[in-house]
Amino acid sequence: MEGMNIVVCVKQIPDPATPGALDGSTNALKRDGKLILDESDAYGVEMALQLAAANGGGDVNIVSMAPNGEMSGMRTALAMGAAKGVLISDPALAGSDALTTAKVLAAAIQKMGSADLIIAATESSDGYTGTVPEQMAEVLGLPSVTFAKKLTITGSSLKADRQTEEGYDEVECPLPAVISVTAGVVEPRYPSFKGIMAAKSKPIDTFTAADLGVTPTGWAGAGQKVVAVTQAEARQAGEVIEDDGNAFNKIVSFLENLKVI
Amino acid sequence: MAINSIWVFAQTAGGAPTTGTLELLTKARSLSSNVSAFIGGDASAVAGALGEYGATKVYATGDLAGKLPGPAVSAAMKAVIDGGDSPSVIMFPQNYEGRDVMARLSVKLNRTVLTNNTDIADSADGVVATTPIFGGNTLVNTAFTGEGPHLVSFRPKSFAAESASGAAASVVAASVPDTGAAGAARVTAVHVEESTGPKLDEANIVVSGGRGLGEAGSYSLVEDLAKLLKGAPGASRAIVDAGWVPYSYQVGQTGKVVKPAVYIAAGISGATQHMVGMKGSKNIIAINKDKEAPIFGVADLGIVGDVHKVLPQLIELLKSRG
């Protein structure tokens, strides 16, 4: 194939290192601080860059949806080597469910034009609904291979090893297609200083949901509503001891008391 | 009553329904007397077991001939719904096939999905699903506000499977319509990763290793201890991502959910991702160098120490006892 056109879906999320919190009025996850590139998406970006390089070059572009104009996470993907970004930013999208997210991303990908391959992570690290890639494929009328842990392109089709409960399946799929990749599928590169500088001037086009012809549904149309938030019964910590060289005896006594040895 | 009838997306392994399927059927029959299973494949061998756990009917697509379940089964479901049998709720297991079928069907029906749940109720608010967030410390109840069928998925072991001694389910053919380009992917080979000893999610004792093991070679300590205790070895996502052990060993949000009598976490700090998969264990033993590690917050016995010292001593002592 002469140059592939690959689109990677990326999500910008609150830094997982800071504790999550719910917004008191909407019961949605707070996403008001600085957003970073979801670590799960770095694998998709890396996979796309490697596939493009191995198949005659071509463009790797990224698409993201955020209720505010946040771009810092997208800049990380551009610094890794993606060419340009498309951000769908619209306050009316706040509270959207996974189905609306998939419709919006699919419309943006169609607007970007003629993608051979669309890559996403299997699930985001903050909401982890885990259905958007397959929903997007259905909206676009494309085949999909989810939970791919190895991916090669030959001509106009791809071969993937797909994770299963008992092992993995080898799957063949014609292009264009949607793929979701598991973490660890490739080793994401760290953006170089040069890459970071270059990313600052790479284009990010911004659209609203209306620009894409998608009616934003947000809170009202999500088809779901949080009715209660409660604290689960916390598990109590037990005894914690420093190993003085004999802690293994303590473990054996513990197991004996439980009558498992 | 918001719930009139329920479908359960049923799966099989080795010619029998999976435990997850039986768990969902058990819960379904407590919510409705009209429960059907829907299977991507042939149902003749499992109609008895599905009926025993509460399904009165099983829709079966017949052999998928290499088609992926996502497009194929969702299309078959849509055809039955269009034909007039539209359930109030469709329950899916939170796994690879369950997520794919649910996602495709949600687009076909234009319905939202609620995933990662651990409970469901038919209440004054309508059909309400419960999902734990922030590592299980907070429970969120979410109601479906639109029209059914409501699409909802559940984590493994959310319910206990109990036989209802029901008669065999009647098998109804639900053929797969033409899925066009969307259904063009084909499975060309199936690989089963062999493992000896008890299955990770069924073992009475689980010994899991994490980044604290330092290197892939040290994972043998985890395997040796698991074997001596007649348990199963598991792993944190960190060392699966690092390629030390296969994905099938992973315990956590994106891996297996385990609830053994004893869970031993060796060199695992206790990221939320991991805790979700093991904090339901009856007893937890943690060994970690860092006394501030979150894993000690849920451990019944915590050892602040080096796994490279504690595990070999433990293995030696257990071996000497024979």
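We use all heavy atoms of the structure for the numbers below, so side chains are in, but hydrogens, waters and symmetry mates are not.
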*For B:L139, is it the side chain, the backbone, both, or neither that has a heavy atom closer than 4.5 Å to a heavy atom of chain A?*
both
*In terms of side-chain geometry, is the basic nitrogen of A:E134 or B:R104 positioned less than 4.0 Å from the acidic oxygen of its partner?*
yes
_Under-4.0 Å salt bridge between A:R162 and B:D100_ = yes
*For A:K149, is it the side chain, the backbone, both or neither that has a heavy atom under 4.5 Å from a heavy atom of chain B?*
side chain
_Is B:I287 close to chain A through its backbone or its side chain, or both, or neither, when contacts mean heavy atoms under 4.5 Å?_
side chain
_Reported CD1-to-CD distance for the pair B:I285 and A:E239, which is rounded to 0.5 angstrom_ = 11.5 Å
*Heavy-atom contact with chain B under 4.5 Å, split by part of A:L258*: side chain
*asked:* Donor-acceptor check, side chain of B:T115 to backbone of A:T129, threshold 3.5 angstrom: yes or no?
replied: yes
_Heavy-atom contact with chain A under 4.5 Å, split by part of B:A299_ = backbone
*asked:* Need one label for A:L22: side chain, backbone, both or neither, based on atoms under 4.5 Å from any heavy atom in chain B.
replied: both
*Would you call A:E166 and B:K199 a salt bridge, using N to O less than 4.0 angstrom?*
no
_Between A:Q224 and B:T142, is the side chain to side chain donor-acceptor pair (under 3.5 Å) condition met? List the steps._
CA-CA 6 Å; A:Q224 48 178 275; B:T142 307; 5.3 Å; no
*Heavy-atom pair count under 4.5 Å with chain B, highest-scoring of A:D243, A:I241, A:T131*: A:I241
*Could you look at A:Y168 and say if it's the side chain, the backbone, both or neither that has a heavy atom under 4.5 Å from chain B?*
both
*asked:* Any carboxylate oxygen within less than 4.0 angstrom of a Lys/Arg side-chain nitrogen, looking at A:E123 and B:R99?
replied: yes
*Would a distance-only check, ignoring hydrogens and angles, find a side-chain to backbone donor-acceptor pair under 3.5 Å from B:T188 to A:E170?*
yes
*For A:Q163 and B:Y247, indicate whether the former's side chain and the latter's backbone hold a donor-acceptor pair under 3.5 Å.*
no
_Heavy-atom cut-off 4.5 Å, strictly under: side chain, backbone, both or neither for A:S144 against chain B?_
both
